[in-house]
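Let me begin by presenting the structure, written as structure tokens, before commenting on it.
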Amino acid sequence: MSASRILVIEDNPANLELVTDLLELAGHTVHSAAAAEPGLEIARREQPDLILMDVSLPGMDGLAATRALKVDPRTQAIPVVALTAHAMRGDEQLAREAGCHAYLTKPIETRTFPGRIAALLAACRVGSNSAPPSS
Ligand code: MN
């Protein structure tokens with residue numbers, strides 16, 4: 001599996017720890033933020049390969065943060081995957097309208113999560129860095 005740099009924006013400490021552990025076990029480098037504004041700053045500075053964005057954040061929510069990423073030329077090309085506990089009908093549509101490439105529901109399924117992230121990274125990867133997805 002190719003290692004990627006992933007930014008996780010998640011205000012729930014337990015969920016952030018779980019996601020971070022799973023991504024690091026898969027060989028990825030993880031940056032994290034517990035709120036949208038510092039997350040946007042890290043995205044601009046670190047230019048991660050993928051952003052996992054909790055939808056429900058204090059203050060600016062994850063959908064507004066995604067819109068902010070998508071209107072900023074410095075961050076608009078970074079794929080964003082929405083993470084939400086709200087499995088309500090319409091949420092996926094809202095996430096996609098905000099600019100999210102994909103949508104994962106919480107609680108995180110620990111056995112399938114790494115493979116889903118690998119598949120998303122492979123699908124989002126363009127140009128020089130492309131490699132076949134490993135299983
Ligand atoms: Mn949250």
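Only this structure's heavy atoms are used, side chains among them; waters, hydrogens and symmetry mates stay out. One-based numbering, in listed order, for ligands and for the atoms of each.
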side-chain contact (heavy atoms from CB on, under 4.5 Å) between Val19 and Phe113, intermediate numbers included
CA-CA 9 Å; Val19 169; Phe113 180 76; 3.9 Å; yes

Scanning both residues in full, the closest heavy-atom pair of Gly99 with Lys70 reads O-CE, 3.5 Å

Please tabulate, for the side chains in residues 6-18, all donor-acceptor contacts under 3.5 angstrom to protein atoms that are two or more places apart in sequence or on a different chain.
from  : atom 1 : to     : atom 2 : distance (Å)
Glu10 : OE1    : Asn15  : ND2    : 2.7
Glu10 : OE1    : Lys106 : NZ     : 2.9
Glu10 : OE2    : Asn12  : N      : 2.8
Asn12 : OD1    : Ala14  : N      : 3.0
Asn12 : OD1    : Asn15  : N      : 2.8

Which side-chain N or O atoms in residues 114-121 pair as donor and acceptor under 3.5 Å with protein atoms at least two apart or in another chain?
none

Item to check | Within-4.5 Å side-chain heavy-atom neighbours: Ile51 and Thr66 | outcome: no

Residue pairs passing the side-chain hydrogen bond (donor to acceptor under 3.5 Å, both in side chains) test with at least one member in residues 39-48, sequence neighbours excluded, are Arg5-Glu46

Nearer than 2.8 Å to the Mn ion (ligand 1), the protein contributes N, O or S atoms numbering 3

